[in-house]
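A single structure is presented below for examination.
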Amino acid sequence: ATGLTRTTVIALCDELVRLGWLVELADARAAGEYTKGRPARRYELNASAGYVLGVDASARAIVASVSDLRGREVSRETHRLTRSGISEETRSKEVDAVVVRVLESAHVAREHVLCLVVGVPAPTDSAGNAPRGQGYWQRMNPGYAPHFAPLFRYVIVANDAILGAIGEGRYGEGQGVSSYVTFLLREGIGAGFMVDGRPIRGFHGAAGELWMLGLIRGVGVRGIELMIAQCAIGNYDMNVIDSERGLTLAAANEGVADASEVVTDANEGVDRVTTQGSALTGLHSSELTA
C-alpha cells in the first residue's frame, strides 16, 4: 500500500514497536494465515500507547472520561455542581479536581494523555476562549485553554453544541451527511453547524447561539434542564410536591437532577428521580411531554 520495499516497511515497523506505538504479533505461519512464501509479519496498534481525555463542563455537572486509542472508555467521573452560578475560580477548581480523579481511577499519568478536549456551554473562538463582556460565557469557560495548555500536550476547548455535532456525524444521524445542524437542549438551547464536513464557528464562535429565540413570544431559549428545574420548583410552591416526598430544591439555582436522567426515569414510569446532592420527585412522562 505504501509502495515501499518489505525491508523498509519492516524497519519502520520495528522503529514504531521500539517507540511503543505498535505491538508485534505472531507471524502469519504461527497465526494459521500462512500460504506461500515468507510468512507475513503482523502488527497491531498499541491502544495503551496514549490516551485521550474528554471533559464535559456543563452548567450543572462536570463529566470527565478517559479513553484509549481505540476509543474504549477506561474511566469516567461525574461531579454534580450545587448550583450553576458558581464563580469562575470555583468552577475551574472543580474541573481540575474531576480531571485528577478520572486520571487516578484510570491509572493514567498526565504525561500519557495525548489530547484533552473540554466542551463548554459558551461560544469559543479558534483558540478556545470565550468572548469578553458576557458574564455567563466567561463563567462557563474561565480560561480553560491557557489553564490546561502547560499541563497537556494538546488542548481543545470548544462549544459543546459543536462537539455534539461532530459526535453526531461520527456516531449518530449525521453519518454519511456532509451538512447538517445539531441542537443541544440543556439549560439553554444551542446549535452546532456542520457544512461540507467542517464545523462552523462564526464570529467569536457565536454561529450556534440562539439568543434571538428569546425575542419570539412564547418561544424563548430555555433548555430541558432549566425547564425541569422551574417545573419542580413550581410544583413545590403549589404543594404538588411536598418535602416529605424528597424535594430538596430551595431555589432555581440549586442542584437539579440531570435532564437525561429525569427523562429516562419518566419514560420508564419512575415517579421519583434522585441525584447526588439533590432530589426531584413527582415528575411523570406526561409532565415532560413538550
Side-chain angles (χ1 to χ4, degrees), residues 53-66 75-106 110 113 116-125 127-152 155-164 184 186-190 204-206 209 211 221-230 232-233 247-262 274-280:
L53 170 58
V55 178
D56 180 10
S58 68
R60 299 187 180 275
I62 300 167
V63 181
S65 174
V66 176
S75 180
R76 174 180 288 258
E77 290 285 332
T78 300
H79 173 62
R80 306 291 179 196
L81 299 173
T82 56
R83 62 186 187 278
S84 61
I86 59 178
S87 67
E88 295 179 33
E89 182 181 5
T90 300
R91 182 172 293 276
S92 184
K93 288 181 178 179
E94 298 275 18
V95 170
D96 282 344
V98 176
V99 166
V100 169
R101 287 206 306 272
V102 76
L103 290 177
E104 288 178 347
S105 61
R110 177 167 52 81
V113 176
L116 165 67
V117 179
V118 183
V120 294
T124 61
D125 59 21
N129 300 310
R132 286 291 173 185
Q134 217 282 8
Y136 177 81
W137 289 344
Q138 290 171 316
R139 200 162 63 244
M140 294 299 104
N141 180 13
Y144 290 129
H147 174 70
F148 284 118
L151 303 176
F152 293 92
V155 176
I156 298 173
V157 179
N159 174 260
D160 52 4
I162 288 180
L163 293 175
L184 192 63
R186 283 185 160 178
E187 191 166 84
I189 302 176
H204 289 313
E209 294 301 309
W211 57 267
V221 290
R222 293 187 305 163
I224 293 176
E225 289 182 359
L226 186 57
M227 292 174 68
I228 287 174
Q230 292 174 343
I233 293 166
L247 184 69
T248 61
L249 297 174
N253 286 332
E254 294 304 316
V256 177
D258 180 77
S260 62
E261 295 174 352
V262 173
T274 307
T275 64
Q276 298 175 2
S278 65
L280 196 59

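For this chain, numbers begin at 1 and follow the sequence in order.
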Practice item. Taking the side chain as every heavy atom from C-beta outward, state whether His147 and Asp96 have any atom pair closer than 4.5 Å. Key: yes
Check your understanding: When rounded to the nearest 0.5 angstrom, what distance separates CD1 in Ile162 from OG1 in Thr124?
Key -> 6.0 Å
Exercise for review: Measure the CE-CD1 distance between Met140 and Ile86 for me, rounded to the nearest 0.5 Å.
Suggested key: 7.0 Å
**Study point:** Side chains of Val102 and Leu53 in contact at under 4.5 Å (non-hydrogen atoms)
**Key:** yes
Check your understanding: Of the non-hydrogen atoms in Pro131 and Gln138, which two are nearest, and what is the gap between them?
Key -> O-CG, 3.8 Å
Practice item. Could you list the residues that satisfy side chain to side chain donor-acceptor pair (under 3.5 Å) with Glu94, not counting sequence neighbours? Key: His79
Review point. Can you check whether Ala122's main-chain N or O pairs, donor with acceptor, with Asn159's side chain at less than 3.5 Å?
Key: yes
Check your understanding: Pro123 and Gly205: which non-hydrogen atoms are nearest, and at how many Å?
Key -> CB-O, 3.1 Å
Point to revise | Short side-chain to backbone donor-acceptor contact, Asn141 and Gly128, under 3.5 Å | key: yes
**Study point:** Contact summary for Ala145 and Ala127, nearest pair of heavy atoms
**Key:** CB-O, 3.4 Å
Practice item. List the steps, then state whether side-chain contact (heavy atoms from CB on, under 4.5 Å) holds for Phe148 with Val55. Key: CA-CA 12 Å; Phe148 284 118; Val55 178; over 6 Å; no
Review point. Does any non-hydrogen side-chain atom of Phe152 lie less than 4.5 Å from one of Val99?
Key: yes
Point to revise | Side-chain touch Asn129/Trp137, heavy atoms, less than 4.5 angstrom | key: no
**Study point:** Euclidean distance, Ile62 CD1 relative to Leu81 CG, rounded to 0.5 Å
**Key:** 4.5 Å
Review point. Does Ser92 have any side chain to side chain donor-acceptor pair (under 3.5 Å) partners at least two apart in sequence or in another chain, and if so, which?
Key: none
**Study point:** Tyr144 and its side-chain contact (heavy atoms from CB on, under 4.5 Å) partner, picked from Ile156, Leu116, Val120
**Key:** Val120
Review point. For Ala59 and Arg91, which heavy atoms make the closest approach, and how far apart are they?
Key: O-NH2, 3.3 Å
Exercise for review: Could you tell me the separation between the CG atom of Asp56 and the CZ atom of Arg76, rounded to the nearest 0.5 Å?
Suggested key: 9.0 Å
